[in-house]
Amino acid sequence: MNYLPYAYFDGDIIPFENAKVSVATHALQYGTGVFGGIRGYRSHDGASTNIFRLKDHCERVIQSASLVKIAFPFDVKGLADIFVKLTERNAPEGNVYYRPFGYKSGYDLTPKLTGVDDGFTLYMMALEDYYSADKGLDVMVSAWRRVNDNMIPARGKVSGAYINSSLAKDDAQAYGFDEAIMLNEQGKVGEGSAANLMIVRKGVLITPPVTADILEGITRRTIFTLAQDLGIECEQRSIDRTELYVADEIFFCGTGAQVTPVASVDKRPVGNGKAGEVTMKLFNRFHDVVRGKVPEYSDWLTKVPVAVAAD
Ligand code: PMP
């Protein structure tokens, strides 16, 4: 990965390579961390890095943290300010990805939450597409079930829960697929290993509800807003596995995935195997919005002028 030179680490901006923790760190041993994933897009006129839905992401980081009793010495606004300061310092030349990480930094031996010290870091990397954009993904329904909210909070980005994602993604790739779709404990469609899922049936955009043990994705919310504004009928309801086999279109959405069409599920082509009309409409709208080409959604962008260079 192409990490940018500076990171924020417990109150200071320091060289990325110095942002380090001990092997005894609670979060490293027990997965007691929470993270975020946020994109900054170079604006279409090249004048700014537009951080996408920064406030919403900061809210979710803080909410994820509260689920596992990690406290920060800042609020949503204070956290957002750290993103802006670090962006100014790193002066990125292209599109970037931010990784905030709150974690249990103490060396306590007991797997618990209260009384263990907390830490926070933010670092950045250059990132273009996470999935190759030129073809849809071949996916499988994973034998691994999505973590249940009564096991590990499903609506937060809790580090330890990503063992679940890693197992599903790894299996999918080992079997020659690009990605996995995980069902929840009820056997209903959940999401991908690191992205939410939407299907289109007879022109209606459908996605599982937030009570389906899914991450409450910010791109998921974004796509629903864009779809509604484009006059596309939207529904949140539980989705059966076999609906994946008869859907006209399927796509993943997420900060990393952006909008990524699914070409096949369990070797069954989705529609004609090519990205569908609704998917492409949303794909194009999404990319225009994040690059600042659609003024109605400019509230979603935190613009950091490119002219502010590192010292
Ligand atoms: N589900 C999971 C499990 C994820 O890791 C992600 C990526 N953050 C998403 C969904 C998409 O969420 P968002 O749109 O907020 O990035």
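Computed from heavy atoms alone, side chains included, the values below leave out hydrogens, waters and symmetry copies. The model shown is predicted, which means the values in this text are computed figures rather than measured ones. Read the numbers this way: they start at 1 and go in the same order the structure lists the ligands and their atoms.
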### Query
Is the Y6-F16 ring centre distance short of 6.0 angstrom?
no
### Message
Under 6.0 Å between ring centres: does that hold for F101 and F35?
### Response
no
### Query
Would you say R285 and V294 make side-chain contact, with heavy atoms under 4.5 Å?
yes
### Result of checking R237, R268, K188 against E243 for salt bridge (Lys or Arg N to Asp or Glu O under 4.0 Å)
R237
### Query
For F177, what residues pass the ring pair (Phe, Tyr, Trp, His ring centres under 6.0 Å) criterion, not counting sequence neighbours?
none
Check ligand 1 for close polar pairs with the protein: N or O on both sides, less than 3.5 Å.
| residue | atom | partner | partner atom | Å |
| --- | --- | --- | --- | --- |
| ligand 1 | 1 (N) | E191 | OE1 | 2.5 |
| ligand 1 | 5 (O) | K157 | NZ | 3.1 |
| ligand 1 | 5 (O) | Y162 | OH | 2.5 |
| ligand 1 | 8 (N) | K157 | NZ | 2.6 |
| ligand 1 | 14 (O) | I218 | N | 3.3 |
| ligand 1 | 14 (O) | T219 | N | 2.8 |
| ligand 1 | 14 (O) | T219 | OG1 | 2.5 |
| ligand 1 | 15 (O) | R60 | NH1 | 2.6 |
| ligand 1 | 15 (O) | R60 | NH2 | 3.0 |
| ligand 1 | 15 (O) | I218 | N | 2.8 |
| ligand 1 | 16 (O) | T255 | N | 2.9 |
| ligand 1 | 16 (O) | T255 | OG1 | 2.6 |

### Message
Under 3.5 Å, is there a donor on one side chain and an acceptor on the other for D45 and S43?
### Response
yes
